[in-house]
Amino acid sequence: MDFDTPLFDTALAEAWIRSIAAAVEKEQDRLTELDSAIGDGDHGSNLRRGFDAALAALEGLQPTGPGAVLTRTGTTLISKVGGASGPLYGKAFRALGAALPEPAGPVALAEAMAAGLDAVRILGKAEPGDKTIVDAWTPAVAALRAAAAAGATLPEAAAAAADAAEQGARDTVPLRARKGRASYLGERSTGHQDPGATSTALLFRTLADVTGNR
Amino acid sequence: MDFDTPLFDTALAEAWIRSIAAAVEKEQDRLTELDSAIGDGDHGSNLRRGFDAALAALEGLQPTGPGAVLTRTGTTLISKVGGASGPLYGKAFRALGAALPEPAGPVALAEAMAAGLDAVRILGKAEPGDKTIVDAWTPAVAALRAAAAAGATLPEAAAAAADAAEQGARDTVPLRARKGRASYLGERSTGHQDPGATSTALLFRTLADVTGNR
Amino acid sequence: MKKLINTPESVLEDALAGFAAAHPELTVDIPNRVITRAARPAGPKVALVSGGGSGHEPLHGGFVGPGMLDAACPGEVFTSPVPDQMLAAAKAVENGAGVVFVVKNYTGDVMNFELAAEVAAEEGLEVRTVLVNDDVAVEDSTWTAGRRGTGATVLVEKTAGALAERGAGLDEVAALGERVNAASRSFAVALTAATVPAAGKPGFDLPEDEIEVGVGIHGEPGRRREKLRPARELAAEVVETVLADHHLTAGDEVIALLNGLGATPLLELYVVYGEVAARLAERGITVARSLVGNYVTSLDMAGFSLTLTQADAQLLDLWDAPVDTPALKRA
Amino acid sequence: MKKLINTPESVLEDALAGFAAAHPELTVDIPNRVITRAARPAGPKVALVSGGGSGHEPLHGGFVGPGMLDAACPGEVFTSPVPDQMLAAAKAVENGAGVVFVVKNYTGDVMNFELAAEVAAEEGLEVRTVLVNDDVAVEDSTWTAGRRGTGATVLVEKTAGALAERGAGLDEVAALGERVNAASRSFAVALTAATVPAAGKPGFDLPEDEIEVGVGIHGEPGRRREKLRPARELAAEVVETVLADHHLTAGDEVIALLNGLGATPLLELYVVYGEVAARLAERGITVARSLVGNYVTSLDMAGFSLTLTQADAQLLDLWDAPVDTPALKRA
Ligand SMILES: Nc1ncnc2c1ncn2[C@@H]1O[C@H](COP(=O)(O)OP(=O)(O)O)[C@@H](O)[C@H]1O
Ligand SMILES: Nc1ncnc2c1ncn2[C@@H]1O[C@H](COP(=O)(O)OP(=O)(O)O)[C@@H](O)[C@H]1O
Ligand SMILES: [Mg+2]
Ligand SMILES: [Mg+2]
Ligand SMILES: [Mg+2]
Ligand SMILES: [Mg+2]
């Protein structure tokens with residue numbers, strides 16, 4: 001492993017949360033619009049409220065490592081977001097934080113992200129193809145694992161994961177939702193991109209950005 | 001008095017009520033529109049309901065004269081219309097009916113119409129210039145009296161009254177309402193023609209029509 | 001116009017059929033358009049009769065029952081009922097102690113109730129009329145038909161109803177009603193206009209960012225048009241306007257009615273009420289009792305009215321008295 | 001978007017401030033967003049806690065009080081509350097006999113209440129969860145998140161609340177709640193979409209002559225779009241749809257809830273209820289009790305939902321039991 005390659009350390013974890021908060025602020029309206037089409041129009045404000053609170057929670061925190069940053073973020077999301085995305089992302093970040101060694105390279109990050117995905121799937125019981133967060137997170141984990149196995153650097157692996165998550169989000173467009181509010185629409189849920197998969201893609205894109213900017 | 005000149009008899013009274021009912025049906029939307037501008041948008045449907053009922057009330061009636069037709073119409077209007085126009089027109093027709101000898105010529109009709117106007121003014125307490133029914137009815141009575149004094153026939157007198165009533169209705173446009181719902185608007189009631197004055201003009205126009213068609 | 005109706009002409013009759021089905025504890029005479037309590041009070045009791053145009057539900061039918069009205073006469077939408085209804089109602093509920101008509105001050109209502117009272121007197125009934133005229137948006141001068149009757153009607157009907165239930169005499173009940181009216185002031189703000197079914201379109205057009213201030217409950221436009229502002233500012237202005245016409249000073253107690261006009265979500269009414277309560281508290285005025293919800297509506301109008309009634313021990317006692325009507329219940 | 005609010009972000013907090021001012025008989029913990037009765041029941045009593053996104057007022061805060069809920073947890077608009085609220089509520093009202101969570105079946109509500117129940121159990125509280133899923137517009141299959149919880153919530157909270165008040169045990173109260181839910185079916189029709197304050201525009205666009213059939217209470221579109229039809233036809237279709245999923249036969253008794261979605265005038269609700277009652281009568285189904293009004297709303301959505309709950313002697317007895325909450329009172 002190249003010593004100049006950045007690892008996932010506390011500073012990077014904090015930078016990631018900051019970057020998510022900024023991205024969510026910027027994309028709030030788009031997320032809400034997607035959620036208006038097949039949900040109830042609050043996904044943007046839900047995440048905004050959650051990551052603003054997560055940012056604030058970092059203020060006083062003396063983290064013992066990147067895992068602590070992410071665990072704390074998960075706890076904050078559970079306490080502040082509500083809705084479907086609150087517990088799902090909350091549990092995901094808590095699992096991610098618990099699974100993350102310090103500092104983590106691509107392999108460890110891939111496994112931690114897999115633990116996050118497991119948490120989402122255990123709580124939400126969604127399968128791939130159900131038009132949810134899972135549809136962006138699953139290919140992202142696969143891409144992370146593949147990149148790590150191929151010896152990629154953290155920025156390279158994160159960029160591959162971001163691409164895969166975005167592709168996964170786009171691939172939700174033709175799907176018929178089987179979980180969450182969008183499932184009530186039946187056939188009418190097709191033709192729209194899933195808001196949760198879209199915000200998951202945002203999480204991975206910001207991760208790629210902050211690792212790449214190191 | 002010319003023997004060919006029609007008098008106000010039972011048949012004419014019935015024809016008048018029929019003609020009002022038809023005119024109100026035709027003008028219902030316009031009356032409602034005028035009432036929407038400065039009132040509550042029901043003057044058309046109020047009069048429609050009232051004169052439809054008045055028509056129905058004539059069905060079984062064996063009138064003892066034109067006065068009985070008009071008295072019955074007044075009673076029906078009171079029972080069926082409600083709102084401001086119901087009691088006002090109801091009382092007016094009852095007074096008109098009570099004052100009308102059989103058969104009546106122009107002089108008697110003018111005095112009966114004056115009795116109707118008195119009834120409106122006693123109940124509603126409106127002065128000329130208050131932007132109400134009174135503003136059309138007052139000049140109509142004056143025109144009837146003038147025509148009768150000048151020896152006009154009933155059709156001539158009724159036509160003069162219709163013209164005067166219509167002018168009176170038009171003259172309500174610049175007025176500020178001081179009675180009825182429109183008074184709540186204060187200065188904003190100016191610039192609109194009063195619905196009640198408009199329907200009064202309709203009453204006199206139909207009277208001119210039915211007397212002229214004899 | 002999107003409305004849950006069959007035809008504009010049949011709205012009242014159809015709604016009365018539904019009201020009758022929903023409230024077996026009341027008697028609904030649909031042909032005559034009179035709503036009365038199913039059971040007459042046992043002994044002699046002053047009978048309270050009210051009525052007015054429909055479209056203000058739950059007013060008045062929703063306030064018929066023990067502790068409040070004996071009968072209500074619903075007119076066509078936004079149209080005063082006719083004297084026949086009031087007479088039929090008075091005769092149906094008169095119980096040996098006379099009848100009080102509670103009349104909102106609108107030309108049509110006043111004249112129709114007047115005709116009814118005339119005939120009732122001719123037929124030997126003792127009738128008193130309480131005129132409700134609490135809306136400060138209208139100047140009470142020779143330039144107008146006088147102040148409109150709005151939210152205070154609920155307070156008059158509740159307290160006079162309670163007093164009648166306790167066996168007070170005709171003059172006493174009428175005097176109490178007049179006293180409550182005199183102690184009350186109201187003011188309303190609309191975000192959208194009401195659509196009368198027969199008219200088929202809104203009574204006035206209001207741009208997306210404007211409100212109508214000082215509206216009545218019949219879809220009539222208000223004092224003036226303004227830009228929509230935050231609830232805090234609107235509530236402050238409404239409180240200001242009501243108090244400017246009220247003789248309340250710090251330490252006084254009020255009953256506050258924050259009333260939705262028909263299409264306002266309860267969530268928003270509570271937001272406004274929070275601001276109203278805060279503004280009153282700042283002035284040292286104590287809200288002794290409050291009522292937040294849809295009580296005197298204007299069809300599908302969005303907006304609210306505020307009624308403040310100066311309270312005293314007697315009024316609070318009557319306000320707290322048991323009542324059992326479709327829209328107001330208290331044990 | 002015209003709304004009586006201060007800012008979209010502060011709607012919940014501002015509304016809670018107003019709710020607290022209007023209901024001194026309740027305790028409103030604004031920072032923690034928990035509404036409880038001001039006075040705890042004297043002896044041990046099963047505590048009923050519910051909650052959900054805001055925008056459905058009076059649900060749930062309006063149902064806190066003797067005879068119904070012990071606590072409510074209001075979430076942000078259309079957003080499930082968070083586990084912290086439910087935990088705080090459960091701890092505040094637990095009174096020695098365990099806690100029942102009444103949860104409307106939405107992914108968010110279910111997951112947040114699940115997390116709360118987990119932690120509550122860890123902290124030694126006995127918790128049962130009653131899931132409400134009565135909306136027949138949603139097929140209950142592996143293709144969906146299951147039927148939504150809507151109008152039946154009022155019936156579950158009322159009857160389970162009454163049973164808890166009578167001293168029944170935890171399992172008994174939870175079982176009753178489940179039984180009432182199983183006996184209930186609902187279906188809703190919208191004339192206009194709801195506008196979430198933070199979104200600033202309606203959740204869906206509906207042409208002037210169309211309605212959305214089978215809508216949920218969160219502004220989500222429905223099963224399909226149709227032309228607006230007379231109330232008679234709409235009511236018939238809704239009754240049909242509800243009954244198609246119900247095992248009711250002639251002679252059966254129901255409790256009927258005809259619920260306004262927020263912006264529907266009461267006059268129109270009564271028109272619809274008249275038609276609903278007539279259709280049920282034609283089929284020999286007896287409406288033993290009815291409730292017509294705004295109980296489970298969807299912000300400023302115009303429309304209605306119908307809930308039919310098969311009744312029996314126990315349910316009617318519990319339905320008739322005294323209740324004293326802001327939105328439902330019975331002596
Ligand atoms: N069971 C589930 N598993 C995974 N993700 C889910 C599930 N249910 C919903 N989601 C995700 O949650 C997103 C909606 O989140 P949000 O709008 O914040 O919550 P809510 O649906 O409660 O309003 C959906 O777009 C979907 O991606
Ligand atoms: N006091 C009054 N005297 C004479 N006419 C009046 C008076 N008040 C109102 N009107 C007339 O009644 C008309 C309105 O009638 P209508 O719309 O049927 O009743 P409402 O105002 O009760 O809705 C007004 O246009 C006006 O001409
Ligand atoms: Mg959502
Ligand atoms: Mg009118
Ligand atoms: Mg009218
Ligand atoms: Mg939501």
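Throughout, a chain's letter reflects where its sequence line sits, starting with A, and its residues are numbered from 1.
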> Do you know which of C:Leu266, C:Leu261, C:Leu191, C:Val272 has the most heavy-atom pairs with chain D at a distance under 4.5 angstrom?
Replying inline: C:Leu191
>> Tell me which of these, D:Ala15, D:Ala331, D:Pro230, has more heavy-atom pairs under 4.5 Å with chain C than the rest.
In response: D:Ala15
Short of 3.5 Å, which donor-acceptor contacts do chain D and chain C share? List atoms and distances.
{"residue": "D:Met1", "atom": "N", "partner": "C:Glu208", "partner atom": "OE1", "Å": "2.6"}
{"residue": "D:Lys2", "atom": "NZ", "partner": "C:Leu191", "partner atom": "O", "Å": "2.7"}
{"residue": "D:Lys2", "atom": "NZ", "partner": "C:Pro207", "partner atom": "O", "Å": "2.9"}
{"residue": "D:Lys2", "atom": "NZ", "partner": "C:Glu210", "partner atom": "O", "Å": "2.8"}
{"residue": "D:Leu4", "atom": "N", "partner": "C:Glu268", "partner atom": "OE1", "Å": "2.8"}
{"residue": "D:Ile5", "atom": "O", "partner": "C:Ala231", "partner atom": "N", "Å": "2.8"}
{"residue": "D:Asn6", "atom": "OD1", "partner": "C:Ala231", "partner atom": "N", "Å": "3.4"}
{"residue": "D:Asn6", "atom": "OD1", "partner": "C:Arg232", "partner atom": "N", "Å": "2.8"}
{"residue": "D:Asn6", "atom": "ND2", "partner": "C:Glu275", "partner atom": "OE2", "Å": "2.8"}
{"residue": "D:Ala22", "atom": "O", "partner": "C:Ser290", "partner atom": "OG", "Å": "3.3"}
{"residue": "D:His23", "atom": "NE2", "partner": "C:Tyr270", "partner atom": "OH", "Å": "2.7"}
{"residue": "D:Leu191", "atom": "O", "partner": "C:Lys2", "partner atom": "NZ", "Å": "2.7"}
{"residue": "D:Pro207", "atom": "O", "partner": "C:Lys2", "partner atom": "NZ", "Å": "2.9"}
{"residue": "D:Glu208", "atom": "OE1", "partner": "C:Met1", "partner atom": "N", "Å": "2.6"}
{"residue": "D:Glu210", "atom": "O", "partner": "C:Lys2", "partner atom": "NZ", "Å": "2.8"}
{"residue": "D:Ala231", "atom": "N", "partner": "C:Ile5", "partner atom": "O", "Å": "2.8"}
{"residue": "D:Ala231", "atom": "N", "partner": "C:Asn6", "partner atom": "OD1", "Å": "3.4"}
{"residue": "D:Arg232", "atom": "N", "partner": "C:Asn6", "partner atom": "OD1", "Å": "2.7"}
{"residue": "D:Glu268", "atom": "OE1", "partner": "C:Leu4", "partner atom": "N", "Å": "2.8"}
{"residue": "D:Tyr270", "atom": "OH", "partner": "C:His23", "partner atom": "NE2", "Å": "2.7"}
{"residue": "D:Glu275", "atom": "OE2", "partner": "C:Asn6", "partner atom": "ND2", "Å": "2.8"}
{"residue": "D:Ser290", "atom": "OG", "partner": "C:Ala22", "partner atom": "O", "Å": "3.3"}

>> Looking at chain C, which one of D:Ala17, D:Gly262, D:Pro74 has the largest number of heavy-atom pairs inside 4.5 Å, strictly under?
In response: D:Gly262
> Contact part of D:Leu269 toward chain C, heavy-atom cut-off under 4.5 Å: side chain, backbone, both or neither?
Replying inline: neither
> Of the backbone (N, CA, C, O) and the side chain (C-beta and beyond), which part of D:Ala277 lies under 4.5 Å from a heavy atom of chain C, both, or neither?
Replying inline: side chain
> For C:Leu267 and D:Val77, what are the C-alpha separation, side-chain angles and deciding distance, and is it a side-chain contact (heavy atoms from CB on, under 4.5 Å)?
Replying inline: CA-CA 10 Å; C:Leu267 185 76; D:Val77 172; 4.1 Å; yes
> Tell me, side chain or backbone of C:Leu299 under 4.5 Å from chain D's heavy atoms, or both, or neither?
Replying inline: both
>> For C:Ala22 versus D:Val292, what's the shortest heavy-atom pair and its separation?
In response: CB-CG2, 3.8 Å
> Of the backbone (N, CA, C, O) and the side chain (C-beta and beyond), which part of D:Pro58 lies under 4.5 Å from a heavy atom of chain C, both, or neither?
Replying inline: both
